[in-house]
**Q** 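Before anything else, here's the structure in question.
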Amino acid sequence: MKGRFRVEVPFDFYLTVTSGQSFRWGSYDGEGNFSYGRADDEGFMYAPVFGVVLGIKQEDSYIIYKASDSRVWVPHRRRYMDVEEFIRFYFSLDAPVEEIEALVQDKPEVLRAYMKYRGVRIMRQEANEILITFIFSAQNTVKNIARTVHRLSALLSHPLFFDGKKFYPFPSLEKIAGSSFELLRKNLPVRFDSRIEAAISAARHYSARDIYNLHHSVVDYGTAHETLIQLKGVGRKIADCVLLFSLEHWEAFPVDVHIRRMVERYYMEDINLPPLKSLTDRVYRMIGEYFRGRYGRWAGWVQQYLYSLSRTPEGEELSRNSISSGL
DNA sequence: GTCCAGGGTGGCG
DNA sequence: CGCCACCATGGA
C-alpha cells in the first residue's frame, strides 16, 4: 500500500535516520544487499521495522510512503496502528519540540544546534533491536554498526520481499540466544569478542517483553537504567541509548566521544567539572544530571542536536572521518 | 604505516 | 574513587 501525508512539525527524514540512532535505513536490492543511508533512484529509503517493510521519501513537508502491510503491531502501545499513524509514532512527530526553543535561549551553542537540527527527531524503535545493536556499538562507526546489524539479521531471520527487494527483519532475542558464539564471531565485523558474548548473554536473560517492562510508562528513568546495566556487557552508555532510542525515557543522556567533546568545549564551567582525563562513572552521572536538570524531559533530544552538530564541520573542528559517508 | 570510531571490564594505587 | 590496559574490525 502507498500513501502520502503532510507533516506540520519540524522533521527531516533523511537527517533523522542517519543521525546514529537507527542503522537500518538505506537502499536494498533483490539479493538482500544493503547500503546504509542511501536513497534509491526515486528518492526512497527503506527499512524493515516492527515486522513490516517501509519505504519513505520526503518532499518538503510531505511524507510519501510505501508499506508491505496496512497495519503495524506496536509493543510500546500494545495495539495496532495504521501505517500513517505508525510513521507519526515511529518518528515522534507528536513531540512538541518547539518547547525546546524557549529552554535553549541562554546557551548559544545549544540554540545553534537546535536551529540547525530541529528536524532531527528521537525515534521510537524496537527495544530488542536497539539493545543488541548498541551492544555492538563499542568503539565502532555508524556505518560498521549498520553492516553488523544487517549481517546479523541476514544470518538469523527469514527474509521479507517487498517492492522487488529483499529485506531481513531484525531477529528475535530467542533466535539470537539460540545461536552460537562461533557463528556470530565468524560472520559479524565486530571488534571485540566481548560484544558477541554480551549480545548472546543479553538475549538469554531478556525476552522482548521483559525490556518493555522498563518502558517510560512503567518505571522511572533511574530504575530502568539500574536494571539495564546489570546485564553483562551493558554499561551506562548502552543503557542510556536503549532508554532514549526505544523506551521513551527522553531524559536519558548518552555520553559518547562527540558529546564529551561538546561538554569539554562548552560546559566545563556550567557543570563545574574538573579537567576530564577519563570519563569516570561519577563524571558521566554529573553530565547527565546537569542536562536533565536544565532540559528535563528534553535532555535526550538536546543530546541528539549536539551530537548532530558535533559531527558537522561547522560544529567542531573534527577529524575528517567523523563526517563519514552516507551523511 | 597511522589514527579513530555512539564502550565495558578488571585491576591497581 | 580515578585512571589505565586490554580487547583485536574497518575506513580514511
Side-chain angles (χ1 to χ4, degrees), chain A residues 15-24 35-37 117 120 122-123 125 129-152 181 184-202 225 228-246 252-264 273-288 291 299-313 315-327:
Chain A
L15 275 181
T16 297
V17 298
T18 58
S19 69
Q21 52 178 317
S22 174
F23 304 86
R24 303 285 277 156
S35 181
Y36 167 78
Y117 292 105
V120 174
I122 295 295
M123 297 164 68
Q125 303 179 75
E129 174 171 342
I130 295 302
L131 174 63
I132 301 300
T133 296
F134 277 93
I135 284 175
F136 289 133
S137 73
Q139 291 288 291
N140 210 340
T141 57
V142 169
K143 197 173 176 182
N144 200 44
I145 297 166
R147 177 166 40 239
T148 305
V149 173
H150 179 254
R151 284 201 203 166
L152 176 71
F181 171 85
L184 300 189
R185 173 74 279 190
K186 186 167 59 171
N187 290 285
L188 304 184
V190 169
R191 186 173 175 194
F192 306 123
D193 288 357
S194 65
R195 301 298 84 204
I196 310 269
E197 289 164 358
I200 294 175
S201 171
H225 194 266
L228 275 177
I229 62 177
Q230 285 170 11
L231 287 171
K232 271 180 283 189
V234 175
R236 61 215 176 177
K237 158 65 165 61
I238 293 173
D240 273 331
C241 289
V242 176
L243 296 178
L244 177 60
F245 299 139
S246 174
F253 196 87
V255 181
D256 74 325
V257 291
H258 298 283
I259 296 299
R260 177 183 164 163
R261 280 178 199 142
M262 299 302 269
V263 168
E264 283 177 329
L273 286 175
L276 296 184
K277 293 221 158 202
S278 63
L279 197 60
T280 64
D281 213 33
R282 190 176 70 91
V283 170
Y284 186 97
R285 207 164 19 241
M286 285 176 70
I287 293 172
F291 281 93
W301 289 67
V302 169
Q303 178 273 156
Q304 201 63 16
Y305 303 142
L306 291 173
Y307 179 78
S308 298
L309 185 67
S310 78
R311 302 213 315 159
T312 301
E316 271 287 358
E317 306 85 7
L318 292 171
S319 60
R320 309 313 145 222
N321 70 357
S322 64
I323 313 151
S324 61
S325 59
L327 289 185

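Per chain, numbering begins at 1; letters A, B, ... match sequence-line order.
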**Q** Once rounded to the nearest 0.5 Å, what's the spacing between atom CD1 of I238(A) and atom CG of L131(A)?
**A**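 Rounded to the nearest 0.5 Å, the CD1-CG separation comes out at 8.0 Å.
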**Q** Is the aromatic ring of F192(A) within stacking range of dG7(B), meaning centres under 5.5 angstrom and planes under 30 degrees?
**A**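 Per 5.5 Å and 30° rule: yes, stacked.
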**Q** Measure the distance from CG on L188(A) to P on dA8(C) and round it to the nearest whole Å.
**A**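 In whole Å, dA8(C) P and L188(A) CG are 15 Å from each other.
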**Q** Is R191(A) close enough to dG8(B) that one of its side-chain N or O atoms is under 4.0 Å from OP1 or OP2 there?
**A**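 For dG8(B), OP1/OP2 do not have a side-chain N/O of R191(A) under 4.0 Å.
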**Q** Is it true that D281(A) and R236(A) have a side-chain N and a carboxylate O under 4.0 angstrom from each other?
**A**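 Here D281(A) pairs with R236(A) in a salt bridge, since their nearest N and O are under 4.0 Å apart.
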**Q** Is the ring of F134(A) stacked on the base of dG6(B), with centres less than 5.5 Å apart and planes under 30° off?
**A**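 Stacking between F134(A) and dG6(B): absent.
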**Q** Within the pair S137(A) and dG6(B), is there a side-chain N or O less than 4.0 Å away from OP1 or OP2?
**A**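 So the side chain of S137(A) is outside the cut-off, no N or O lying under 4.0 Å from OP1 or OP2 of dG6(B).
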**Q** Think T280(A) has a side-chain N or O under 4.0 angstrom from the OP1 or OP2 of dG2(C)?
**A**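 Indeed, a polar side-chain atom of T280(A) lies that close.
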**Q** For F136(A), answer base if it contacts any base atom (sugar-phosphate contacts may also be present), sugar-phosphate if it contacts only those atoms, and nothing otherwise; contact means non-hydrogen atoms under 4.0 Å.
**A**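 No contact.
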**Q** Specify the residue among V257(A) and G235(A) whose closest nucleotide of DNA chain B lies further upstream toward the 5′ end.
**A**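 With V257(A) and G235(A) compared, the 5'-side residue is V257(A).
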**Q** With P as the reference atom in both, quote the distance from dC6(C) to dG6(B) in angstrom, rounded to an integer.
**A**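 Those two atoms are separated by 24 Å.
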**Q** Have T312(A) and Y117(A) got a donor and an acceptor in their side chains that come within less than 3.5 Å?
**A**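 The criterion, which ignores hydrogens and geometry beyond distance, is satisfied for Y117(A) and T312(A).
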**Q** Out of dT9(C), dC3(C), dG6(B), which has the shortest distance to the side chain of S278(A)?
**A**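 Shortest atom-to-atom distance from the side chain points to dC3(C).
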**Q** Mind calculating the distance between CG (L231(A)) and C1' (dG7(B)) to the nearest angstrom?
**A**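 One finds 15 Å between C1' of dG7(B) and CG of L231(A), rounded.
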**Q** Please verify the inter-ring angle class for F291(A) with F253(A); under 30° counts as parallel, over 60° as perpendicular, anything in between as tilted.
**A**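 Rings of F291(A) and F253(A): parallel, under 30°.
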**Q** Whole-Å distance between dA8(C) P and N140(A) CG?
**A**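 Taking atom P of dA8(C) as the reference, CG of N140(A) is at 14 Å.
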**Q** Please confirm whether the shortest side-chain N or O distance from R147(A) to OP1 or OP2 of dG11(C) is below 4.0 Å.
**A**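 So the side-chain polar atoms of R147(A) do come within 4.0 Å of the phosphate oxygens OP1 or OP2 of dG11(C), strictly under.
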**Q** What nucleic acid atoms does Q303(A) come within less than 4.0 Å of, heavy atoms only: base, sugar-phosphate, or nothing?
**A**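 Base, at least one base heavy atom under 4.0 Å.
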**Q** In whole angstrom, what separates D193(A)'s CG from dT9(C)'s C1'?
**A**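 Rounded to the whole Å, the gap is 11 Å.
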**Q** In whole angstrom, give the distance that lies between atom CD1 of I238(A) and atom P of dT9(B).
**A**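 It is 8 Å, rounded to the nearest whole Å.
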**Q** In this structure, how many angstroms lie between the P atom of dC4(B) and the NE2 atom of H258(A), rounded?
**A**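 Checked: the NE2 to P distance equals 12 Å.
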**Q** Between the main-chain N or O of V149(A) and the side-chain N or O of E129(A), is there a donor-acceptor pair closer than 3.5 Å?
**A**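 No, the answer is negative, given that no donor and acceptor are paired below the 3.5 Å cut-off.
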**Q** Closest to the K237(A) side chain: dA8(C), dG6(B), dC3(C)?
**A**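 It is dG6(B).
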**Q** Name the closest nucleotide to the R282(A) side chain, picking from dG6(B), dC4(B), dC1(C).
**A**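 Side chain of R282(A) sits closest to dC1(C).
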**Q** Would you mind classifying the nucleic acid contact of G233(A) as base, sugar-phosphate or nothing, using non-hydrogen atoms under 4.0 angstrom?
**A**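 The answer is sugar-phosphate, as G233(A) gets under 4.0 Å only of primed atoms, P, OP1 or OP2.
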**Q** Rounding to a whole Å, what distance do you find between N144(A):CG and dA8(C):P?
**A**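 In whole Å, dA8(C) P lies 16 Å from N144(A) CG.
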**Q** Per the atom types in the model, does the base of dG6(B) pair as donor or acceptor with the side chain of Q304(A) at under 3.5 Å?
**A**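 Yes.
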**Q** Which of the following nucleotides, dG10(C), dG6(B), dG8(B), is nearest to the side chain of P189(A)?
**A**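 The closest nucleotide is dG10(C).
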**Q** For R260(A) and dG7(B), give me the distance from atom CZ to atom P, rounded to whole Å.
**A**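 One finds 12 Å between P of dG7(B) and CZ of R260(A), rounded.
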**Q** Looking only at atom types and distance, does a side-chain atom of R311(A) sit under 3.5 Å from a main-chain N or O of G20(A), one as donor and one as acceptor?
**A**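 Answer holds: no.
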